[in-house]
Asks: 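Sharing a structure, written as C-alpha cells. Questions coming.
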There are 2 protein chains.
Amino acid sequence: MTQPTMQQVAEAAGVSTALVSLVMRGAPNVSDKRRALVLKAVDELGYRPNVLARNLASRRTHTLGVVVNDLHNSFFAEMVDGIQTTAAANGYRILIGNGQHSRRGEADAIETLLQLRVDGLVLAGAVVTEGEMERAAKSAAVVAIGRTASSLEIDTVNCDESVGARLVIDHLVSLGHRRISHIDGGSGAGAATRRQGYEAWMREYGLGDCINTAGGDFSESGGYNAADELLTLHPRPTAIFAANDLSAAGALDRVEDAGLDVPSDLAIVGYDNTGLAAMHHLSLTTINQPRGEFGRIATELILQRLDDGRSTAVHHVVAPTLVVRRTSGPHVEASREGEVAS
Amino acid sequence: MTQPTMQQVAEAAGVSTALVSLVMRGAPNVSDKRRALVLKAVDELGYRPNVLARNLASRRTHTLGVVVNDLHNSFFAEMVDGIQTTAAANGYRILIGNGQHSRRGEADAIETLLQLRVDGLVLAGAVVTEGEMERAAKSAAVVAIGRTASSLEIDTVNCDESVGARLVIDHLVSLGHRRISHIDGGSGAGAATRRQGYEAWMREYGLGDCINTAGGDFSESGGYNAADELLTLHPRPTAIFAANDLSAAGALDRVEDAGLDVPSDLAIVGYDNTGLAAMHHLSLTTINQPRGEFGRIATELILQRLDDGRSTAVHHVVAPTLVVRRTSGPHVEASREGEVAS
DNA sequence: CGTGGAGATGAGAGCGCTCTAATCCGGAGG
DNA sequence: CCTCCGGATTAGAGCGCTCTCATCTCCACG
C-alpha cells in the first residue's frame, strides 16, 4: 500500500529528483535519453506523483472546486459537464462537492474544497450567504451561478429571467391568448424574478387585468393544486405559465383530470427544459437555459482571474430560449362557446 | 490571497506550532487557557488548516473518493447521499469525480482521486476494466457498486436482479397475467441479468411459451418502438415488463397512442423507481433498488478495510422491492372479447 | 585547440503540517 | 523544602514534492 516516491524513481533511473520532477511535469529541456530513463523507472515502479506534496510545494493546485446545491437536480449535471470540459481544456481538474440541498451542507462542501486549496470555486445554485461567499473569495477565485453577488471579488453568471418570461408571454399572446395565469415558485430560487417578469410583460401587452398568480412551490403537487385553484376562475384562463417544468407537469395533470384538452382548451408552458419536458408523454413547451454554457462561462471567468489576473467583478447574463412543444397552441374559444351553448 | 499558516497562529497565540496542531485536531490534553488562546488567534487571523500539508504529513487523508459513471443519472444522487452520510458519521469527507459516462473519463477521475491520495474509493456503476480497478486497489480501499469483481482487494455491492424480475413476474401472474412480454435494455448495464431473470421466472410459472422479448436500449424511444412491435403480436401480450422506467414510459406512450387502456388492457411495469415513475402523470409500477442503502453499505465496507483491517473481499447483495402504482392491475379480457364481438 | 554560452542537470531550501521524543511544570507525598 | 510523577508543552525531523541557483556538458566558433 505504500507508494513509491520521486526519490526512489530518481535512484532507479540514476538521476536527481529535480530531473524526475521536470519529466513528470513535461518540461521541454530534458534530453531524450534521461527522459526515457525516468519514464522507464516510473513505469517499473508504478510511480504516481503525490499531488498533495506537489500542490503544497508549488502553492497551486490547478484544481477547481464545484459546489452543487443538490446532486439530485439534473439541472446541475449539464453545468458540471460544461465546467469540466472547459477546465480540462485549460489544464485544470475539477472536484465536486455536494451541498446536500442545505445551507449547512453547502458551507461544509465549500470549506472542504478550500482546505484542499482549490484555485477556484464554482458555486452552482448556492444558498449560502453572501458573507460566506466573500470569505471563500479570500482564498480562491469564486464565481456564482444563478444568484447575485455584490462583492468585487465574486463574478456571477445568470440567466435573464425577465427575457424568459417575455418569451413565454410573447409566444402565448401571439397564439391569441390573453387570460394567461402564472403558477409561481414560492420562495424558491428565481421564483420572484420569474413572477416579476410575468407581471411586467403582461402589462406591456396591456393585459394587466389578466394578471393572476397561483402559489406553487416548484413541485408537482404544488402545480397540481395551483391549477386546481386556477380552474375555478371565471372566466377560466386560457393559458398557464408555470415557474418550472415540474409544477407545469402537475398542472397538466390537473387540467387533464378536469377533462380539458391541452393545448386547445388550455395551453401550458413550463420553465427549465428539464428531461421531463422533453418526454414524449408530456412534450412540454418550456424555456431552455443554456446550462452547459453556464458552466463554460463560469469556468472562463475563473480562469481570467487566475491566469490573466483580472480583479474586477464580471456579471454575465445569458439569454434563455423558448422550446415549443405540444402543450402550447392557438387559443380556441371552443370551451367557452360550449359553456354558452349549454 | 495568501493564507495564514499554523506558524503565524502559534506566534499570535504565543505558543508552539505543535500546540496549535493539537488544538486543531481536538486533542484532549490541552489546557483550557491555551486552547482559548489558540482559538482566538485562529479566529482573528481567519486561519484555515492546509489539508494538503496535513495529509502529506500524516499520510492519511480521511477522504473517500466517489466516482460516478454519469452525473446525469439521478440514480447516483441518492447513492452519494448514502455514502456521504455514512462517511461523515465516521469522520471521513467525500470527493466526487465525474466519469462523464465514458471509460476514459472514469479512469481519469479515478486517477485524479488517487493522486489526491484518497483513503478509499467507491466506484458507482463503473465501466472501467477490472484491471484498472485492481490497479486502484493497490493504493486505496476499493468497492464497486453495481458490478462484479473477482479480485480479493475489491468489495462489491449489488442488487439481486433475479429477485427483481421475480417480484415483477409474481406480481403480474398474481394479477392473472400470462402473456407477459419483456422490453430489454440491449447491452446496457444489468440488462442481461434482468432478461435472464424474466425468462427464468416465466419458466418457473410454466409460462415458457409466453416468453417474448422486444429489443430496447433503456431509452424512451427504444421503449416506444419495442411496444410498437409487441402490439402487433397475436395474441397480444397483456402485460409488459420493461427493463427500466424510461423505456416503460416510452412503451406506455405507444400503448396509449394505440387507444388501449393501462392497466386494464395492458399492464406495464418498469424498473429502477426513478423520479419519473413516481410522477402522478405516469404513476408507474416498478422495482425499487435501495440506493441510499447501496451507498451506506459500500462505505461501511471501505471503513472495515480502513479501520478494522479486513483484507478479504466481501460481496454484498441487496434485495430490491416492488412498488405498485397505477400501471399494473388485474388482467381483464375485455379487449379480447371486444375483438370477438366486432 | 581554447573559449563562450546555451541547454541540461543537480543541490538544497523550503511548502505547512504531524508526530516522536524530550522537556517543562505544578502539586502530592515524604 | 525536596523529590517524584504525570499531564502539558515544545523542539525538530520529516512527509514528497517544486523551484531557485549553481554547476556541468558540449559544441559552434574563432
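All heavy atoms count here, side chains included; hydrogens, waters and symmetry mates do not. Numbered from 1 within each chain, the chains take letters A, B, ... in sequence-line order.
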Asks: Between the side chains of B:Arg310 and B:Asp155, is the shortest nitrogen-to-carboxylate-oxygen separation below 4.0 Å, so that they form an ion pair?
Replies: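 Yes, B:Asp155 and B:Arg310 are salt-bridged.
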Asks: Is it true that, when you exclude A:Arg104 itself, more than 12 heavy atoms of the residues, nucleotides or ligands shown sit nearer than 6.0 Å to its CZ?
Replies: no
Asks: Closer than 4.0 Å, any side-chain N/O of A:Arg25 to the OP1 or OP2 of D:dC19?
Replies: yes
Asks: With the threshold set at 4.0 Å, does a side-chain nitrogen-carboxylate oxygen contact exist between B:Glu300 and B:Arg296?
Replies: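 Yes, this pair counts.
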Asks: Do B:Arg103 and B:Asp70 meet the salt-bridge criterion of a basic N to acidic O distance under 4.0 Å?
Replies: no
Asks: Students often get this wrong, so: under 4.0 angstrom with heavy atoms, is B:Val15 touching a base, only sugar-phosphate, or nothing?
Replies: sugar-phosphate
Asks: Once you round it to whole Å, what is the distance between C1' of D:dT18 and CD of A:Gln7?
Replies: 14 Å
Asks: Taking only heavy atoms on the protein side, list every residue of residues 31-47 of chain B lying under 4.0 Å from any atom of DNA chain C, sorted numerically.
Replies: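 Heavy-atom contacts with DNA chain C come from B:Tyr47.
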Asks: Is any side-chain N of the basic residue among A:Glu44 and A:Lys40 closer than 4.0 Å to the acidic one's carboxylate O?
Replies: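 Yes, A:Glu44 and A:Lys40 are salt-bridged.
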Asks: Mind checking A:Leu56 for me? I need base, sugar-phosphate or nothing, with any heavy atom below 4.0 Å counting as a touch.
Replies: base
Asks: Expressed in angstrom and rounded to an integer, what is the separation of A:Met6 atom CE from D:dC19 atom P?
Replies: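 Whole-Å distance recorded here is 11 Å.
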Asks: Under a 4.0 Å N-O cut-off, is there an ion pair linking A:Glu130 with A:Arg135?
Replies: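 Salt bridge: no.
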Asks: Rounding to an integer number of Å, can you tell me how far B:Leu22 CG sits from D:dG7 P?
Replies: 15 Å
Asks: Nearest heavy atom decides the nucleotide; on that basis, is B:Ser16 or B:Ala57 closer to the 5' end of DNA chain D?
Replies: B:Ser16
Asks: Looking at B:Glu153 and B:Lys138, is any side-chain nitrogen of the basic one under 4.0 Å from a carboxylate oxygen of the acidic one?
Replies: no
Asks: Answer with base, sugar-phosphate or nothing: what part of the nucleic acid does B:Val30 contact at a heavy-atom distance below 4.0 Å?
Replies: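 Sugar-phosphate: the residue B:Val30, judged by heavy atoms under 4.0 Å, touches backbone atoms but no base.
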Asks: Do A:Thr61 side-chain atoms and A:Arg117 backbone N/O form a donor-acceptor pair below 3.5 Å?
Replies: yes
Asks: From the 5' end of DNA chain C to its 3' end, which nucleotides mark the outer limits of contact with chain B, defined by a 4.0 Å heavy-atom distance cut-off (strictly under)?
Replies: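 Under 4.0 Å from chain B, the extent on DNA chain C is C:dG16 to C:dC19.
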Asks: Counting only heavy atoms not in B:His101, do more than 12 fall under 6.0 Å of its NE2?
Replies: no
